[in-house]
**Q** 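This is the structure I have questions about; it appears just below.
First the proteins, then the strands, lettered A, B, ... as listed; each starts at 1.
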Amino acid sequence: MARHLITSAIPYINGIKHLGNLVGSQLPADLFARYLRGRGHEVMFICATDEHGTPAELAAAKAGQPVEVFCAEMHEVQAEIARNFGLSFDHFGRSSSQRNHGLTQHFAGKLDENGWISEVEEKQVYSIDDGRFLPDRYIEGTCPNCGYDKARGDQCENCTKQLDPTDLIDPRSAISGSTNLEVRTTKHLYLRQRALKDQIAAWIDSKTDWPILTTSIARKWLNDGDGLQDRGITRDLHWGIPVKKGDQPWPGMEGKVFYVWFDAPIEYIAATAEGTDRRGEPDSAWRRWWRLDEGAGDVTYTQFMGKDNVPFHTLSFPATIIGSGEPWKLVDYIKSFNYLTYDGGQFSTSQGRGVFMDQALSILPADYWRWWLLSHAPESGDSEFTWDNFQQSVNKDLADVLGNFVSRITKFCRSKFGEVVPEGGSYGPEEEALIAALATRIHAYEGFMDHMEVRKSAAELRAIWVLGNEYLQSAAPWSTYKTDPEKAAMQVRLGLNLIRLYAVLSAPFIPFAADQMLAAMGTGNRDWPGDIATALQALPAGHAFTTPDVMFAKISDEQRDEWQERFKGIRS
RNA sequence: GGGCCUGUAGCUCAAUGGUCAGAGCAGGGCGCUCAUAACGCCUUGGUUGGGGGUUCGAGUCCCUCCGGGCCUACCA
């Protein structure tokens with residue numbers, strides 16, 4: 001039994017996430033966590049909402065709410081949706097928690113003690129009417145290059161030229177449209193990543209088994225141009241973690257907060273503490289996951305994230321950890337994902353294009369989405385969601401292959417033997433062959449799952465389901481029943497045990513259906529199979545079961561067409 | 001502009017430089033009747049984006065061209 005710490009990139013607070021966000025971090029992380037728990041390992045699976053930053057303040061203002069209230073409400077909304085998707089977090093925390101305040105200030109204090117913080121005076125655009133400094137992309141104006149009148153201060157979307165806000169002609173606030181702007185001087189703290197570059201590079205170089213997507217992004221940032229740059233870790237905002245050195249004030253930084261990307265990954269640690277606090281456990285309970293000197297030496301730490309998050313998890317957060325000089329646990333493996341696209345384009349919140357998590361659950365059970373998303377996870381490149389593909393995959397894999405298998409064996413048994421595991425008969429060559437085939441495929445499945453090969457795991461699991469149908473077809477208990485009822489009883493008993501075995505193996509992908517299968521089989525036995533023949537005797541003769549309703553109703557062409565129309569959004 | 005990823009069957013994807021490039025779906029045929037008209041077996045289908053090169057051997061390595069995507073540090 002090993003100890004596994006698993007974190008999913010924390011979703012931003014300002015709205016409900018779409019299926020692309022889900023498949024890029026939370027869902028595969030949940031798959032891995034459920035699998036490891038199923039195999040008997042000790043797992044700590046952490047996620048949270050990422051609540052700070054300019055967009056949160058603006059979204060709250062738009063909703064007409066104080067930002068604290070807005071964030072608290074949105075956290076509950078996201079937590080509820082996560083529960084309904086079966087995301088099995090040990091704790092779903094908040095980056096605005098007091099735990100994160102304390103830890104973030106602690107890390108900043110340590111970094112300063114060790115000389116890794118510099119104070120920098122810089123000039124930024126201030127909007128007098130908005131009463132706030134504006135990040136570059138919140139300044140709009142006319143592009144000096146192409147004349148596009150909605151160019152942003154960081155880049156012109158029309159001609160893709162990179163800009164400085166002062167380049168813009170007729171600059172205005174993207175928030176209010178106000179042109180009452182001025183350049184002001186402000187002081188910020190920078191994390192001296194440049195000075196930590198060699199240590200970080202050596203650490204990255206030691207990770208030879210990481211996905212290319214992960215290491216290539218890290219190396220690009222380490223080596224491109226002048227190499228890794230220092231990063232500002234404070235902002236002139238109201239909502240956030242006040243800048244302090246540990247629990248002491250930071251002279252000259254009054255009224256400023258830490259940058260959201262500084263405190264967000266620290267929330268992984270803080271959320272673990274929030275969880276143990278909630279359970280009434282002492283500090284040692286979370287520290288044994290995070291402090292190498294307090295019991296975390298045997299922890300394997302895996303992070304899941306979309307590719308946009310990679311620089312922060314390979315560079316900034318490790319710089320924080322390493323720079324602290326304290327024995328905090330560093331990540332062992334980063335599993336990163338490409339993007340899911342929607343029907344030939346991007347998911348778009350503003351255009352209402354694509355399916356968002358709440359909408360997904362309003363039309364179909366979570367397992368349908370979990371299965372499709374995981375079996376099509378964007379591992380080697382971006383992958384595309386189309387309704388046609390979704391309908392075909394779900395109908396074939398879940399309804400025809402798995403659901404129908406459960407249906408045919410339970411209904412046959414009910415009609416010939418009643419809803420009880422039948423007695424009699426013994427294995428022959430066909431059964432031995434099935435057990436051998438199962439052993440081979442389950443071994444392969446475990447190998448793919450151990451290595452987080454999500455799509456290959458799904459394909460292997462499906463192949464395991466198919467073995468059940470192949471067996472039934474060749475064993476043909478409906479025929480043997482006529483001449484040798486004892487043999488038919490043995491075949492059916494094996495088939496019913498396959499249902500339980502499939503529930504256990506499938507639970508990481510489709511936990512709700514797995515629960516349904518176990519409930520129908522009248523068992524709470526979730527033991528991961530070791531010896532397959534033994535595992536197929538979990539339900540003994542005489543054990544009562546119930547015949548479940550249709551587990552996966554098929555998606556009709558009408559539904560598919562209606563949903564395609566409903567979620568296509570407004571094309572610009 | 002720079003960098004990274006990617007292009008394989010109608011579709012979605014596999015293939016440590018090494019048999020005849022494989023699966024699933026879709027298409028075609030046969031079988032079965034327990035089952036959600038479901039299942040099983042067989043089968044059609046590829047100049048691996050184009051061109052050049054290295055090698056005994058290239059989907060894989062190199063060059064080049066074409067197409068798609070992402071990132072480029074003050075959004076997160």
Side-chain angles (χ1 to χ4, degrees), chain A residues 9-14 50 52-56 58 122 124-125 133-139 152-155 160-162 164-165 174 188 193 211-213 215-217 219-221 223-226 228-232 235-236 259-261 264 306-312 315-316 338-339 341 346 372 375-376 378-384 386 388-389 392-393 395-416 453 455-456 458-459 462-463 466 468-479 481 488 491-492 495 549-554:
Chain A
I10 64 179
Y12 200 64
I13 193 69
N14 69 342
D50 180 15
H52 298 137
T54 306
L58 296 179
E122 55 192 14
Q124 282 190 3
V125 174
F133 282 95
L134 297 177
D136 290 356
R137 68 168 46 201
Y138 284 96
I139 304 161
R152 290 191 322 217
D154 56 340
Q155 186 175 34
T160 73
K161 188 179 170 64
Q162 286 185 60
D164 188 272
H188 283 297
Q193 298 186 143
I212 289 175
L213 182 65
T215 51
S216 65
I217 291 173
R219 291 215 168 80
K220 150 86 171 158
W221 282 57
N223 303 322
D224 201 42
D226 298 332
L228 186 63
Q229 299 297 299
D230 294 345
R231 183 178 276 274
R235 292 290 184 274
D236 289 293
Y259 173 42
V260 56
W261 263 116
K307 59 186 168 185
D308 53 331
N309 274 322
V310 169
F312 302 100
L315 307 169
S316 313
N338 289 283
Y339 291 142
T341 59
Q346 293 184 340
W372 189 89
S375 61
H376 294 79
E379 288 177 299
S380 57
D382 292 350
S383 66
E384 183 178 18
T386 64
D388 210 44
N389 185 303
Q392 277 186 8
S393 295
N395 285 356
K396 191 71 191 175
D397 298 347
L398 295 183
D400 293 346
V401 175
L402 178 62
N404 183 53
F405 172 77
V406 173
S407 200
R408 63 195 296 204
I409 188 69
T410 52
K411 285 180 180 169
F412 179 76
C413 184
R414 182 174 62 183
S415 76
K416 303 301 183 196
E453 298 260 24
R455 278 188 315 219
K456 287 182 180 174
R462 184 190 190 282
V466 167
N469 281 314
E470 287 173 0
Y471 171 74
L472 276 191
Q473 194 66 33
S474 67
W478 50 90
S479 294
Y481 181 76
Q491 292 167 335
V492 169
D549 295 330
V550 167
M551 291 180 55
F552 302 100
K554 290 197 190 188

**Q** Do A/R462 and A/S375 get their side chains close enough for a donor-acceptor pair, meaning under 3.5 Å?
**A**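 Their side chains do not contain a donor-acceptor pair, so the 3.5 Å distance test is not met.
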
**Q** RNA chain B: A/D400 or A/G232, which has the more 5' nearest nucleotide?
**A**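 Comparing both residues, the 5'-ward one is A/D400.
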
**Q** Across the strands shown, which category fits A/R219 at heavy-atom distances under 4.0 angstrom: base, sugar-phosphate, nothing?
**A**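 Contact class for A/R219: none.
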
**Q** Kindly give the atom pairs (protein nitrogen or oxygen, nucleotide nitrogen or oxygen) under 3.5 Å for nucleotides 29-32 of chain B.
**A**
from   : atom 1 : to     : atom 2 : distance (Å)
B/rG31 : N2     : A/Q473 : NE2    : 3.0

**Q** Do A/W221 side-chain and B/rA73 base share a donor-acceptor contact under 3.5 Å?
**A**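 For A/W221, whose side chain was compared with the base of B/rA73, there is no donor-acceptor pair (under 3.5 Å).
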
**Q** Across the strands shown, which category fits A/V260 at heavy-atom distances under 4.0 angstrom: base, sugar-phosphate, nothing?
**A**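 Sugar-phosphate only.
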
**Q** Using the C1' atoms only, state how far B/rC4 lies from B/rU44, rounded to an integer number of Å.
**A**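 Nearest-Å result for B/rU44 against B/rC4 at atom C1': 39 Å.
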
**Q** Between B/rA76, B/rG40, B/rC13, which nucleotide gets closest to the side-chain atoms of A/W261?
**A**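 Closest of the options to the side chain of A/W261: B/rA76.
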
**Q** What residues form a salt bridge (Lys or Arg N to Asp or Glu O under 4.0 Å) with A/D50, not counting sequence neighbours?
**A**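 Salt bridge (Lys or Arg N to Asp or Glu O under 4.0 Å) check on A/D50 returns nothing, list empty.
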
**Q** Expressed as a whole number of Å, how far does the C1' atom of B/rA76 sit from that of B/rG51?
**A**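 Pairwise C1' distance, B/rA76 against B/rG51, rounds to 43 Å.
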
**Q** Quick one: list whatever passes side-chain hydrogen bond (donor to acceptor under 3.5 Å, both in side chains) with A/K220, sequence neighbours left out.
**A**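 Listed in chain order: A/D224.
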
**Q** With A/K456, which residues qualify under salt bridge (Lys or Arg N to Asp or Glu O under 4.0 Å), at least two apart?
**A**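 Applying salt bridge (Lys or Arg N to Asp or Glu O under 4.0 Å) to A/K456 gives none.
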
**Q** If I pick the P atom on B/rU12 and the same atom on B/rG7, what distance separates them, to the nearest angstrom?
**A**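 Roughly 12 Å separates the two P atoms.
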
**Q** How is the base pairing of RNA chain B summarised as a dot-bracket string, given the Watson-Crick and G-U wobble criteria with both distances under 3.5 Å, [ ] for crossing and | for another strand?
**A** (((((((..((((....[...)))).(((((.......))))).....(((((..]....))))))))))))....

**Q** Reckon A/F552 touches a base, only the sugar-phosphate, or nothing at all at heavy-atom distances under 4.0 Å?
**A**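 The answer is base, as A/F552 lies within the cut-off (heavy atoms under 4.0 Å) of a base atom.
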
**Q** If the condition is ring-ring contact (aromatic ring centres under 6.0 Å, His included), which residues does A/F552 pass it with, not counting sequence neighbours?
**A**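 If we apply the ring-ring contact (aromatic ring centres under 6.0 Å, His included) test to A/F552, skipping adjacent residues, the hits are A/Y368.
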
**Q** Could you list the residues that satisfy salt bridge (Lys or Arg N to Asp or Glu O under 4.0 Å) with A/D382, not counting sequence neighbours?
**A**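 Salt bridge (Lys or Arg N to Asp or Glu O under 4.0 Å) list for A/D382, sorted by chain: A/K307.
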
**Q** Can you identify which nucleotide, out of B/rC39, B/rC74, B/rC41, has its nearest atom closest to the A/E470 side chain?
**A**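 Closest of the options to the side chain of A/E470: B/rC41.
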
**Q** Which residues pass the ring-ring contact (aromatic ring centres under 6.0 Å, His included) test with A/Y12, not counting sequence neighbours?
**A**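 Counting only residues at least two positions away or on another chain, A/Y12 forms no ring-ring contact (aromatic ring centres under 6.0 Å, His included).
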
**Q** Quantified in whole Å, what is the P atom distance between nucleotide B/rA73 and nucleotide B/rG68?
**A**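 That atom pair is separated by 23 Å.
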
**Q** Between B/rA35 and A/N404, counting only base atoms on the nucleotide and side-chain atoms on the residue, is there a donor-acceptor pair under 3.5 Å?
**A**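 Yes, a donor-acceptor pair under 3.5 Å.
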
**Q** Using only atom types and a distance under 3.5 Å, with no angle test, would you say the side chain of A/N469 pairs donor to acceptor with the backbone of A/V401?
**A**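 Side chain of A/N469 to backbone of A/V401, a donor-acceptor pair under 3.5 Å: yes, one is there.
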
**Q** Restricting to nitrogen or oxygen on both sides, can you table the protein-nucleotides 4-7 of chain B pairs closer than 3.5 Å?
**A**
from  : atom 1 : to     : atom 2 : distance (Å)
B/rC4 : O2'    : A/S216 : OG     : 3.3

**Q** Residues two or more places apart in sequence or in another chain: which of them pass ring-ring contact (aromatic ring centres under 6.0 Å, His included) with A/F312?
**A**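 Testing A/F312 for ring-ring contact (aromatic ring centres under 6.0 Å, His included), a comparison that skips the adjacent residues, returns A/W261.
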
**Q** With the side chain of A/N389 defined as its heavy atoms from C-beta on, choose the nearest nucleotide among B/rG40, B/rU36, B/rC11.
**A**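 Given the options B/rG40, B/rU36, B/rC11, the side chain of A/N389 is closest to B/rC11.
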
**Q** Between B/rC74, B/rA15, B/rC41, which nucleotide gets closest to the side-chain atoms of A/K456?
**A**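 Selected nucleotide: B/rA15.
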
**Q** Using the C1' atom on both, measure B/rC13 against B/rG52 and round to a whole Å.
**A**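 Those two atoms are separated by 29 Å.
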
**Q** Counting heavy atoms from C-beta on, name the nucleotide in B/rC25, B/rC34, B/rA76 closest to the side chain of A/R462.
**A**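 My answer, after comparing the listed nucleotides, is B/rC25.
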
**Q** Between B/rC62 and B/rU54, how far apart are the P atoms? Round to whole Å, please.
**A**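 Rounded to whole Å, the distance is 15 Å.
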
**Q** So, under a plain 3.5 Å distance rule, would you say the side chain of A/Q124 forms a donor-acceptor pair with the base of B/rC74?
**A**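 Flag set: donor-acceptor pair detected.
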
**Q** Which nucleotide in the set B/rC25, B/rA35, B/rC75 lies at the smallest distance from any side-chain heavy atom of A/R137?
**A**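 So the side chain of A/R137 is nearest to B/rC75.
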
**Q** If we take the P atom in both B/rC74 and B/rG69, what is their distance in whole Å?
**A**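 Roughly 26 Å separates the two P atoms.
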
**Q** Kindly point out which of B/rC74, B/rA26, B/rU36 is positioned nearest to the side chain of A/Y259?
**A**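 The answer is B/rC74, which lies nearest to the side chain.
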
**Q** Nearest heavy-atom pair of A/P378 and A/Y339: which atoms, and what distance?
**A**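 Answer, listing the atom of A/P378 first, then A/Y339: CB-O, 3.6 Å.
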
**Q** Is there a donor N/O on one and an acceptor N/O on the other, under 3.5 Å, for the side chain of A/E122 and the base of B/rC74?
**A**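 Such a pair is found, so the answer is yes.
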
**Q** With sequence neighbours excluded, tell me which residues meet salt bridge (Lys or Arg N to Asp or Glu O under 4.0 Å) with A/D154.
**A**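 A/R137, A/R152.
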
**Q** Could you please name the option among B/rA73, B/rG40, B/rC70 that lies closest to any side-chain atom of A/Y339?
**A**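 That would be B/rC70.
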
**Q** Could I get the full list of ring-ring contact (aromatic ring centres under 6.0 Å, His included) partners for A/H188, not counting sequence neighbours?
**A**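 Checked A/H188 against ring-ring contact (aromatic ring centres under 6.0 Å, His included); zero matches.
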
**Q** Provide the distance between the two C1' atoms, one in B/rC11 and one in B/rC56, to the nearest whole Å.
**A**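 Roughly 38 Å separates the two C1' atoms.
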
